[in-house]
Amino acid sequence: MPTYDQLVPPVLVLGLGNVLLGDDGVGPALLREVQGVYAGVPAVECIDGGTQGMALLGYLGGREALIILDAFAGGRSAGAVSILEGPEVLGCGVTRSTTAHEGNAGELLAAAQLLDELPERVFLVGIDPERVRTELGLSERVASALPAALVRTCGVVERVLAELKIPMVA
């Protein structure tokens, strides 16, 4: 029997981004793939946070881990997948003035930390965007990075579940 509160799954996978701004929509696109993998795993909750910004604060409390999926201009080539963890995520601020997020991930994390609602384990799976402009759909380079980003995201989720000693099935 799991030792966590069944009402709040310990692992939150949060897809962020604006699907109306090209590659900024990579977070929600990757989240759809992750949802397909973890649909039957009660310890993992997937939420499409879109551009809700600070309105997402209420989803963070009571979690053991937060895995953010988002476009992340890490200075690498378009479609490059980066995984940041803990202080790296908080340190980079996950800020992107090029998007229409009402409140960026950095502000969300800072507020959660201030309110002592930030999960102990925080990760960012980021994909460097090629184009962030008004358009539907991902660029070819970013879309082609989704399979690798999915594998890497699953690796993070499974590592967290193992560290928390939570089985993949109930």
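Position 1 is the first residue of the sequence; numbering continues from there.
Distance check, rounded to the nearest 0.5 Å: CG of L57 to CD of E117 gives 7.0 Å. With rounding to the nearest 0.5 angstrom, the CG atom of L20 is 14.5 Å from the CZ atom of R133.
The two residues L164 and E64 make their nearest non-hydrogen contact at CD1-CB, 3.7 Å. When every heavy atom of D48 is checked against every heavy atom of G50, the shortest pair comes out as OD1-N, 2.9 Å. For the residue pair L90 and L118, the shortest heavy atom distance occurs at CD2-CD2, 3.8 Å. Among all heavy-atom pairs drawn from P10 and A43, the shortest one is CD-O, 3.3 Å. Closest approach of L124 to V89, counting heavy atoms only: N-CG2, 3.7 Å. For the residue pair V8 and G62, the shortest heavy atom distance occurs at CG1-O, 3.8 Å.
By the 6.0 Å contact criterion, CD on E163 is enclosed, its count of non-hydrogen atoms from other residues, nucleotides or ligands being greater than 12.
No continuous path of hydrophobic side-chain contacts links L16 to V19 [ILVMFWY only; heavy atoms under 4.5 Å]. Linking ILVMFWY side-chain heavy atoms closer than 4.5 Å, directly or via other members, places I67 and V151 in two distinct hydrophobic clusters.
Partners of E45 according to the salt bridge (Lys or Arg N to Asp or Glu O under 4.0 Å) rule, which considers only residues two or more places apart in sequence or in another chain, are R63. Residues meeting the salt bridge (Lys or Arg N to Asp or Glu O under 4.0 Å) test with E85, sequence neighbours left out: R159. Taking Y38 as the reference, E158 meet the side chain to side chain donor-acceptor pair (under 3.5 Å) condition, with sequence neighbours excluded.
For the pair L60/L108, a side-chain contact is recorded, criterion being any heavy-atom separation below 4.5 Å from C-beta on. Contact of the L14 side chain with the L69 side chain is not registered, since no non-hydrogen atoms from C-beta on lie closer than 4.5 Å. In this structure the side chain of R131 reaches within 4.5 angstrom of the side chain of S139, judged on heavy atoms. A 4.5 Å side-chain heavy-atom check between I68 and L109 finds at least one atom pair inside the cut-off. A heavy-atom distance below 4.5 Å is not found between the side chains of I127 and D70. Within the 4.5 Å cutoff, the side chain of F72 has no heavy atoms near those of the V125 side chain. Inter-residue side-chain proximity for L161 and V44 is flagged as met; some heavy-atom pair is nearer than 4.5 Å. Under the 4.5 Å side-chain criterion, counting only non-hydrogen atoms from C-beta, S77 is in contact with R141.
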(request) Check step by step if side-chain contact (heavy atoms from CB on, under 4.5 Å) holds for L12 and Y59. (result) CA-CA 8 Å; L12 174 62; Y59 289 103; 4.2 Å; yes
(message) Go through it in stages, so that I can follow the logic: the residues are V122 and L84, the test is side-chain contact (heavy atoms from CB on, under 4.5 Å), and I'd like the CA-CA distance, side-chain angles, deciding distance and then a yes or no.
(response) CA-CA 8 Å; V122 179; L84 303 179; over 6 Å; no
(request) List the steps, then state whether side-chain contact (heavy atoms from CB on, under 4.5 Å) holds for V156 with R152. (result) CA-CA 6 Å; V156 172; R152 297 198 57 197; 5.9 Å; no
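For the pair D24 (side chain) and G17 (backbone), a donor-acceptor distance under 3.5 Å is absent. Of the possible donor and acceptor atoms, none in the side chain of D23 sits under 3.5 Å from a partner among the backbone N and O of L138.
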